[in-house]
Amino acid sequence: MLLREVEYARPSSVDEAVRLLAASDGARALAGGQTLISVMKARAASPDVLVDLGKLDELRAISVSGDVLQLGAMATYTQIMASSEVDVSRPILAEVSAQIADVQVRNRGTIGGNVCSNDPTNHLPPLLVALGASMTIRGADGERSVPAEEFFLGVYLTAVGEGELLLSVSVPAAANAADGFASITIGRDGTCIASAAASLSGSEVRIVLGCVDAVPILVAPGAADRDSVREAVAGAGLEPPSDVHGSADYRRHLASVCAVRAVQQAEERGR
Ligand SMILES: Cc1cc2nc3c(=O)[nH]c(=O)nc-3n(C[C@H](O)[C@H](O)[C@H](O)COP(=O)(O)OP(=O)(O)OC[C@H]3O[C@@H](n4cnc5c(N)ncnc54)[C@H](O)[C@@H]3O)c2cc1C
């Protein structure tokens, strides 16, 4: 289907982008376009102004400063996979980016677009909550930092408000971190129907489930053994959706399977 008519702007600075986004209620940031253009074609979204972030090279940077890995919102999955900074400071981000869809989507899709769309089937929201990431957002009133746990508010709804721009995602750098990720997808490179990310640190076990609610669900079992993980997932009161790909009961079961696998992977990495 053809797009309906829409104004288009390609700012050359972050300040200009924020100004353009704040100037109109119907303005939306355009990153890789892999979700936004599809929903516009389906008439599920119809912004009046597209603010294309493509010229903002400062939003593509990936850097490590002290013990923080900072990923610009416009860093693509392909960039994350090839980044030596990611490789030495939190390699799970590259591994999971490599599991997203196909090469075309990975070349265009960005970490910022992935988290700002907050599709519950997306790979990165549960992972970033498990890793204890934080998001830097800029609006007309300045910048603020929001922990990933508070960033995801609902389906396609995040802490990035009208007229605001996500600048970057910061992740604690830890080269040998005990991180894991597991998913069950529709087909080999398909959408997740269940996913779980895990991060172990000392006696703390953080497991975050995807696809079972509008937002990633954090569960924290007291220990990393299989029974404790299953018990924690069972006790989380999950009410996942039921659809053509699986009933709610089946998704609950898959959430538990993915959680156990993600924790096992994390334990192997941490050895
Ligand atoms: C065939 C196909 C299969 C896919 N499979 C998967 C999958 O298995 N797993 C997965 O995780 N994803 C999948 N995706 C989604 C893909 O990862 C998208 O790239 C991602 O969801 C959106 O990123 P984007 O850069 O394309 O953002 P866009 O589509 O440009 O934007 C998405 C939304 O985020 C907003 N936005 C983007 N950047 C910013 C910013 N910096 N500040 C404020 N708002 C912003 C936009 O306004 C828009 O509302 C798939 C996409 C396709 C087309």
Side-chain angles (χ1 to χ4, degrees), residues 3 6 8-11 14 17-18 20-22 24-42 44-56 58-61 71-81 93 95-128 135-139 143-144 146 151-169 181 183-195 197 210-211 216 245:
L3 293 176
V6 58
Y8 174 84
R10 196 170 160 84
V14 167
V18 172
L20 286 163
L21 286 168
S24 154
D25 285 349
R28 293 282 285 274
L30 174 67
Q34 299 301 290
T35 295
L36 184 53
I37 300 298
S38 306
V39 295
M40 286 171 69
K41 283 182 172 171
S46 69
D48 300 319
V49 187
L50 281 181
V51 179
D52 186 347
L53 310 178
K55 264 206 322 202
L56 306 180
E58 67 260 53
L59 296 190
R60 290 192 196 282
L71 303 117
M74 285 294 285
T76 63
Y77 311 126
T78 299
Q79 229 184 306
I80 293 169
M81 287 157 59
L93 284 160
E95 286 168 37
V96 175
S97 294
Q99 296 169 29
I100 295 176
D102 50 44
V103 71
Q104 291 92 335
V105 172
R106 292 195 292 269
N107 282 344
R108 299 282 314 169
T110 64
I111 184 170
N114 194 297
V115 297
C116 286
S117 50
N118 189 30
D119 180 326
T121 68
N122 274 2
H123 285 67
L124 298 185
L127 179 63
L128 291 170
M135 282 68 168
T136 302
I137 299 169
R138 173 147 353 142
E143 265 177 47
R144 64 203 163 92
V146 178
F151 181 83
F152 302 102
L153 303 179
V155 179
Y156 304 121
L157 193 64
T158 70
V160 180
E162 294 275 330
E164 291 190 321
L165 191 64
L166 175 71
L167 298 185
S168 61
V169 177
F181 184 87
S183 63
I184 311 282
T185 58
I186 307 162
R188 194 174 154 272
D189 298 318
T191 305
C192 299
I193 50 176
S195 68
C211 305
H245 301 300

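Read the numbers this way: they start at 1 and go in the same order the structure lists the ligands and their atoms.
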What are the atoms of ligand 1, with element, lying closer than 4.0 Å to any heavy atom of [X]?
{"X": "Ala101", "result": "3 (C), 4 (C), 5 (N), 8 (O)"}
{"X": "Gly190", "result": "8 (O)"}
{"X": "Gly109", "result": "19 (O), 25 (O), 26 (O)"}
{"X": "Leu53", "result": "40 (C), 41 (N)"}
{"X": "Ser117", "result": "21 (O), 34 (O)"}
{"X": "Asn114", "result": "10 (C), 11 (O), 12 (N), 17 (O), 20 (C), 21 (O), 22 (C), 23 (O)"}
{"X": "Gly32", "result": "24 (P), 25 (O), 26 (O), 27 (O), 30 (O)"}
{"X": "Asn122", "result": "10 (C), 11 (O), 12 (N), 13 (C), 21 (O)"}

(message) What I want to know is whether Gly33 and ligand 1 share at least one N or O pair that is separated by under 3.5 angstrom.
(response) yes
(message) Below the 3.5 angstrom mark, is there an N/O of Leu30, backbone or side chain, next to an N/O of ligand 1?
(response) no
(message) Heavy atoms only, cut-off 4.0 Å: how does Tyr77 contact ligand 1, side chain, backbone, both, or neither?
(response)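 For Tyr77, only side-chain atoms sit under 4.0 Å from ligand 1.
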(request) Determine whether the side chain, the backbone, both or neither of Ala73 has a heavy atom under 4.0 Å from any heavy atom of ligand 1. (result)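 Contact part for Ala73 vs ligand 1: side chain (C-beta onward).
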(message) Would you say CZ of Arg10 has more than 12 non-hydrogen atoms from neighbouring residues, nucleotides or ligands within 6.0 angstrom?
(response)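 Yes, CZ of Arg10 has more than 12 neighbouring heavy atoms, counting only those of other groups under 6.0 Å.
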(message) Other residues, nucleotides and ligands only: do more than 12 of their heavy atoms fall within 6.0 Å of CG on Asp102?
(response)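 Check passes, neighbour count above 12.
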(message) Contact between ligand 1 and Ala45 is defined here as a heavy atom of the residue under 4.0 Å from a ligand atom; is it met?
(response)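 The answer is no: ligand 1 sits nowhere under 4.0 Å from a heavy atom of Ala45.
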(message) Any atom of ligand 1 sitting under 4.0 Å from a heavy atom of Asp119?
(response)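 In this structure, Asp119 fails to qualify as a contact of ligand 1 - no heavy atom is under 4.0 Å.
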Starting from [atom], locate the nearest protein heavy atom and write down its residue, its atom name and how far away it is, to 0.1 Å.
{"atom": "atom 53 (C) of ligand 1", "answer": "Gln34 O, 3.5 Å"}
{"atom": "atom 29 (O) of ligand 1", "answer": "Leu36 N, 2.7 Å"}
{"atom": "atom 2 (C) of ligand 1", "answer": "Val105 CG2, 3.8 Å"}
{"atom": "atom 41 (N) of ligand 1", "answer": "Leu166 O, 3.0 Å"}
{"atom": "atom 25 (O) of ligand 1", "answer": "Thr110 OG1, 2.6 Å"}
{"atom": "atom 21 (O) of ligand 1", "answer": "Thr35 OG1, 2.9 Å"}

(message) Could you go through Arg144 and Glu164, starting from their C-alpha distance and side-chain angles, then the distance that decides it, and tell me whether this counts as salt bridge (charged side-chain N to carboxylate O under 4.0 Å, His left out)?
(response) CA-CA 11 Å; Arg144 64 203 163 92; Glu164 291 190 321; 2.5 Å; yes
Between [options], flag the one that comes closest to [atom] by a heavy atom.
{"atom": "atom 44 (N) of ligand 1", "options": "Cys116, Pro47, Gly161, Ser38", "answer": "Cys116"}
{"atom": "atom 7 (C) of ligand 1", "options": "His123, Arg28, Gln104", "answer": "His123"}
{"atom": "atom 6 (C) of ligand 1", "options": "Thr76, Val96, Ile100", "answer": "Ile100"}

(message) Is any side-chain heavy atom of Val49 closer than 4.5 Å to one of Tyr8?
(response) no
(message) If you compare all heavy atoms of Pro126 against all heavy atoms of Ala197, which two are closest, and at what distance to 0.1 Å?
(response) O-CB, 3.8 Å
